[in-house]
Amino acid sequence: MKTDQTIRFSKKRTVMLALTMILLLLFTSCSGNQTDSADTQSAQTADTQSESAPEASEEESDPGASEEESDSEIPAEQEASVPKDVMILYTSDVHCGVDQGFGYAGLEQIRKHLQARGYDVILVDNGDNIQGDLIGSKSKGEVPIDLMNKMGYNVAIPGNHEFDYGMDQFLSLAEKAEFPYISCNFQCRGENVFEPYVILEAGGKKIGFVGVTTPETIVTSTPVHFQDEEGNYIYSFLQDETGEALYNAVQSAVDDAREEGAEYVIVMGHMGNVETSRPYTYADVIANTSGIDAFLDGHSHDTDQVVMKDKDGKSVPRSACGTKLQGIGWCMIPEEGELSTGIYTWTFEDTAPEFFVIENELSEAVKEAKDELDKQTQVKIGYSAVDLTINDPEAIDSEGRPYRMVRRAETNMGDFCVDAFRARMGADVAVLGGGSVRDNIPAGEVKMADAYRVMPFGMEACKIKVTGQQILDALEWASRSVPAENGGFLQVSGMSYEIHTYIDPTCTEDTNGMFTGISGERRVRNVMIGGEPVDPEAFYTLASTDYVVINNGDGLTAFDGAERLDDGGLLEHDVIIDYIQEDLGGTIGEEYSDPTGEDRIIIVEEEP
């Protein structure tokens, strides 16, 4: 027995030493804030897929790399009032990727490593944690919240996808959370739903955390979740045309936190860097406020590390950490010296828990949750002869990751999913927002889990009766952002169309981001249905999800008033499963072999 114990200890010790070595490498290669721009807006990145972080500089902070390694895996807790360095670890856009990248097990090991080096560690989340994969959709967010509790988060903010399971469900989950949710701009009938900020004490310092959620949440989640039974919007994120209401709320929260004694104020944002989201980007907020020491951001899945000026000319670092735990952001507040921010990145094919055989409380909790899920979803439903993708088949970013295309161009995965809706619902045409198509299916065996991963929201399939003019308006609204990304970009089946991107978009919208009309020249042209030009006066049957055609998802109101023709009840992932098994005879064939699709959507960049 003694020998067995020694063997187990030695293996664990070896793994811990190896992990320590790689962590030291990560710490010395992590990206600090590098870009310092006097022009506040030049700090933005319009392309949400350009996620590479700047290379480390020699002046970049190297948290703990010079201190000796402790033999104690978990040091004794020290009082928060004792002066010492503080490390804020932050996650963002986890999207249920609890076993991807670093995974929660790797995140826990990093926290232990930092604590062993004498840091006080605070752990925060910047939203979009509980949605995006099976453990979220099957449990309506319950399992992700349980894991966040197990992880020991100190504070979190809601992202737009926290609301995907409905308002009542999210508010119930917020009650279940053993940490506070904060947001200075999430309101119900003009009153804050959560506290706008919280002050935590660590390392002898009072640190204020201010939460801010993108005002585009109403259109990028499900709009009806923010309405009362009469269809009136009772929830708000202080959206307006100028952004002033948002900036004022952030400034008020920052000032109040300072007045309450906060020595540092950190903004936890779910804002992002997408140019088409202005005036609601992180850069807009920083440029129109003062008193922020660091802006830890999410939403656009980028990993940009920048420094820009606030309205008083003070430099403010903005840090983002990507998605699915491929990055873990950090903000270090030293006992003496200046605050710094950066990101630890994991770019290996194997996850950190797999690579190092990490075994801790979080690895056990994640395994238990995944094992229970696997029992339900690892059933074979068919076979694919081709790779179905949402990405560019060749282009990669500076970190070696493919560029996502399904939100701005046709892909074979988009074609496959929308074909499934048209076939199963028996419609003339079908449309799906690119943001609803979330993952790839590689060639080989296809399991039930794949269908859930591709379409994880649990939305209901619909069939409606629409006019050709409604289709034209919908395509115009959905194409307004091309070549930039837009979750409402429409993949199509049974039709084709061109987007003339040299024509500036002329769609109009209200303060909630809802489509209201077209004020000028249209950029969508040559729309064909069944091989014939679309007739604006004719009626067509159209299949989609309730999110798109009933609930004004992504601000699409063009189908308002359309007659619903189906009885409801069929969920999106079941559409995929039934299409593979019933319509395709169990095999996804060569008709989907081209990753860029079948030329249903043509991008015309120059005037003919």
Side-chain angles (χ1 to χ4, degrees), residues 19-20 22-35 51-57 59-67 84-94 101-127 129 151-157 200 202-203 205 207-209 264-270 282 292-298 301-307 316-335 337-347 352 399:
L19 181 58
T20 297
I22 197 69
L23 287 174
L24 288 173
L25 289 173
L26 287 167
F27 295 163
T28 56
S29 64
C30 58
S31 302
N33 289 106
Q34 301 293 307
T35 305
E51 297 182 351
S52 60
E55 292 183 4
S57 69
E59 287 101 340
E60 163 185 304
S61 85
D62 183 8
S66 63
E67 300 186 33
K84 56 180 174 178
D85 294 347
V86 175
M87 183 67 79
I88 302 166
L89 296 178
Y90 76 92
T91 57
S92 183
D93 300 277
V94 172
F102 285 102
Y104 275 166
L107 174 58
E108 171 67 359
Q109 214 63 42
I110 289 176
R111 177 167 57 185
K112 289 179 179 180
H113 172 85
L114 292 168
Q115 289 171 334
R117 288 179 171 275
Y119 287 91
D120 260 4
V121 180
I122 296 173
L123 179 61
V124 304
D125 182 77
N126 288 343
N129 186 297
M151 191 70 238
Y153 278 91
N154 297 104
V155 61
I157 66 171
L200 302 180
K205 307 170 185 67
I207 305 169
F209 292 87
Y264 296 87
V265 175
I266 310 298
V267 169
M268 297 168 54
H270 197 81
Y282 78 83
I292 297 171
D293 291 301
F295 198 112
L296 310 181
D297 197 24
H301 296 192
D302 67 282
T303 55
D304 294 344
Q305 311 294 308
V306 303
V307 177
V316 178
R318 180 268 189 180
S319 177
C321 65
T323 185
K324 297 279 188 179
L325 293 176
Q326 299 293 329
I328 295 171
W330 57 263
C331 175
M332 200 265 281
I333 303 175
E335 184 179 347
E338 295 186 359
L339 172 152
S340 59
T341 62
I343 177 177
Y344 308 139
T345 59
W346 185 266
T347 59
E399 295 184 5

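Just so it is clear, the model here is predicted, and its values are computed rather than measured. Counting from 1, the numbers follow the sequence of the chain as shown. Because only heavy atoms are used, hydrogens play no part in the values below, and waters and symmetry mates are left out as well, while side chains stay in.
With hydrogens and angles disregarded, no donor-acceptor distance shorter than 3.5 Å links the side chain of Asn126 to the backbone of Tyr90. Checking side-chain atoms of Lys205 against main-chain N and O of Lys84 turns up a donor-acceptor pair under 3.5 Å. Counting only distance, with no hydrogens or angles, the side chain of Gln305 and the backbone of Arg318 share no donor-acceptor pair below 3.5 Å. Although no hydrogens or angles enter the test, the distance criterion places no donor-acceptor pair under 3.5 Å between the side chain of Tyr282 and the main chain of Gly298. Thr323 contributes a side-chain N or O that, together with a main-chain N or O of Asp93, makes up a donor-acceptor pair within less than 3.5 Å.
Atoms CD and NZ, on Gln115 and Lys112 in that order, are 9.0 Å from each other to the nearest 0.5 Å. Taken to the nearest 0.5 Å, the NE2 atom of His301 stands 8.5 Å off from the NZ atom of Lys324.
By the side chain to side chain contact (heavy atoms under 4.5 Å, CB included) test, Asp293 pairs with Arg258, Tyr264, Val265, Ile266, Lys314, Leu339, sequence neighbours left out. Residues satisfying the side chain to side chain contact (heavy atoms under 4.5 Å, CB included) criterion with Leu107, sequence neighbours excluded, are Leu89, Thr91, Tyr104, Leu123, Met151, Tyr153, Ile328. In terms of the side chain to side chain contact (heavy atoms under 4.5 Å, CB included) criterion, residue partners of Ala156 (sequence neighbours excluded) are, by chain and number, Asp125, Met148, Phe179, Tyr181.
Residues Cys321 and Tyr344 form no side-chain contact, since every pair of their non-hydrogen atoms from C-beta on lies 4.5 Å or further apart. A 4.5 Å side-chain heavy-atom check between Arg117 and His113 finds at least one atom pair inside the cut-off.
For the side chain to side chain contact (heavy atoms under 4.5 Å, CB included) with Met268, the qualifying choice from Ile88, Asp297, Ile157 is Ile157, the only one to do so. Val121 pairs with exactly one of Asn154, Leu114, Val86 by the side chain to side chain contact (heavy atoms under 4.5 Å, CB included) rule, that one being Leu114.
Val124 and Ile122 get closest at one heavy-atom pair: CG1-CG2, 3.9 Å.
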